[in-house]
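These notes are about the structure you will find just below.
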Amino acid sequence: MSEVLKLTILTPDREFYEGEVIELITESTLGGITILPDHMPLITTLRPADTVIVQKDNKKLKAFTSVGILEVKENKLKILCDACEWPEEIDIRRAEEARDRAKKRLTNRDGIDVQRAELALARALARINLKQ
């Protein structure tokens with residue numbers, strides 16, 4: 001029985017995180033998910049969320065993760081996502097403006113891509129929540 005997981009988080013721009021962890025808490029498109037050592041193999045889609053990374057020393061790191069894919073296999077976790085940011089990297093003013101734009105689009109709904117606006121709102125809210 002393993003005591004750690006090897007976690008890698010990649011975005012198109014960078015390798016965001018690589019290291020050994022004892023727990024990962026995030027949001028799949030089906031709901032919240034916690035991954036512990038010896039988790040069954042899994043591939044799932046992720047939604048924008050505040051992801052918690054628990055390191056071997058029990059230190060908790062929080063990060064914004066956008067839409068993506070999580071793969072769990074043989075105590076190795078891989079997250080491939082559109083964007084990932086530490087709280088200090090989040091521009092709160094920009095996130096609030098994105099939230100307001102998305103809400104406005106969803107209120108009017110005339111000729112807009114509703115799914116895209118809902119996703120923009122989810123990203124903005126997750127960033128704002130993490131920053132607070």
Task: Residues in ring-ring contact (aromatic ring centres under 6.0 Å, His included) contact with Tyr17, at least two apart in sequence or another chain - done: none

Name the atoms and distances for all side-chain donor-acceptor pairs under 3.5 Å in residues 121-132, with sequence neighbours left out.
unit_1: Arg127; atom_1: NE; unit_2: Glu85; atom_2: OE1; d: 2.9
unit_1: Arg127; atom_1: NH2; unit_2: Glu85; atom_2: OE2; d: 3.1
unit_1: Asn129; atom_1: ND2; unit_2: Asp50; atom_2: OD2; d: 2.4
unit_1: Lys131; atom_1: NZ; unit_2: Pro87; atom_2: O; d: 3.0
unit_1: Lys131; atom_1: NZ; unit_2: Ile90; atom_2: O; d: 3.4

Open item on the list: As an exercise, state the distance from CD of Glu3 to CD of Glu20, rounded to the nearest 0.5 Å.
Closed with: 10.5 Å

Open item on the list: Minimum heavy-atom separation for Ser28 and Ile33, please, with both atom names.
Closed with: N-CG2, 4.2 Å

- [ ] Kindly indicate, with the supporting measurements, whether the criterion side-chain contact (heavy atoms from CB on, under 4.5 Å) is fulfilled by Thr44 and Leu42.
- [x] CA-CA 6 Å; Thr44 189; Leu42 169 75; 4.2 Å; yes

Task: For Arg101, the option from Arg99, Lys104, Glu97 that meets side-chain contact (heavy atoms from CB on, under 4.5 Å) - done: Glu97

Open item on the list: Apply side-chain contact (heavy atoms from CB on, under 4.5 Å) to residues Ile35 and Leu70 and explain how you reach the verdict.
Closed with: CA-CA 10 Å; Ile35 307 295; Leu70 166 65; 4.2 Å; yes

Task: Taking every non-hydrogen atom, the tightest pair across Leu61 and Gln55 - done: CD1-NE2, 3.4 Å

Task: pair Val67-Pro48: side-chain heavy atoms closer than 4.5 Å - done: yes

Task: Ring centroid separation Phe64 to Trp86 under 6.0 Å - done: no

- [ ] Please check if the side chain of Asn75 supplies one atom and the backbone of Asp38 the other of a donor-acceptor pair under 3.5 Å.
- [x] yes

Open item on the list: Looking at Glu15, I'd like to know if its CD atom is crowded, meaning that more than 12 non-hydrogen atoms belonging to other residues, nucleotides or ligands lie closer than 6.0 Å.
Closed with: yes

- [ ] Apply salt bridge (Lys or Arg N to Asp or Glu O under 4.0 Å) to the pair Arg14 and Glu89, showing each step before the final yes or no.
- [x] CA-CA 14 Å; Arg14 64 182 171 162; Glu89 295 174 325; 2.8 Å; yes

- [ ] Go through Val72 and Leu24 one step at a time and tell me if the side-chain contact (heavy atoms from CB on, under 4.5 Å) criterion holds.
- [x] CA-CA 11 Å; Val72 181; Leu24 177 80; over 6 Å; no

TODO: To the nearest 0.5 Å, tell me how far His39 NE2 sits from Leu5 CG.
DONE: 9.5 Å

Open item on the list: Please determine whether the number of non-hydrogen atoms from other residues, nucleotides or ligands lying under 6.0 Å from atom CD of Glu118 exceeds 12.
Closed with: yes

Open item on the list: A side-chain contact here means heavy atoms from C-beta on lying under 4.5 Å apart; do Leu10 and Ile79 qualify?
Closed with: no

Task: Intermediate values then yes/no, salt bridge (Lys or Arg N to Asp or Glu O under 4.0 Å), Glu18 and Lys6 - done: CA-CA 7 Å; Glu18 185 172 5; Lys6 173 75 173 172; 3.2 Å; yes

TODO: Verify side-chain contact (heavy atoms from CB on, under 4.5 Å) between Thr26 and Thr34, making sure each step is shown before the conclusion.
DONE: CA-CA 7 Å; Thr26 194; Thr34 299; over 6 Å; no

Task: Within residues 61-71 or reaching into it, pairs that qualify as side-chain hydrogen bond (donor to acceptor under 3.5 Å, both in side chains) - sequence neighbours excluded - done: Thr51-Thr65

TODO: Treat each ILVMFWY residue as a node, draw an edge where side-chain heavy atoms are under 4.5 Å apart, and state whether Leu36 and Val54 are in one component.
DONE: no

TODO: Using the rule that two of Ile, Leu, Val, Met, Phe, Trp, Tyr join whenever any of their side-chain heavy atoms come within less than 4.5 Å, decide whether Val52 and Leu46 are in one cluster.
DONE: no

TODO: Grab the two heavy atoms, one from Val4 and one from Pro37, that are nearest each other, plus how far apart they are.
DONE: N-CG, 3.9 Å

Task: Arg105 and Asn108, any side-chain heavy atoms less than 4.5 Å apart - done: no

Open item on the list: I want to check something: taking the side chain as every heavy atom from C-beta on, are Ile69 and Ile43 in contact at a cut-off of under 4.5 Å?
Closed with: yes

Task: Other residues, nucleotides, ligands: >12 heavy atoms within 6.0 Å of Gln115 CD - done: no

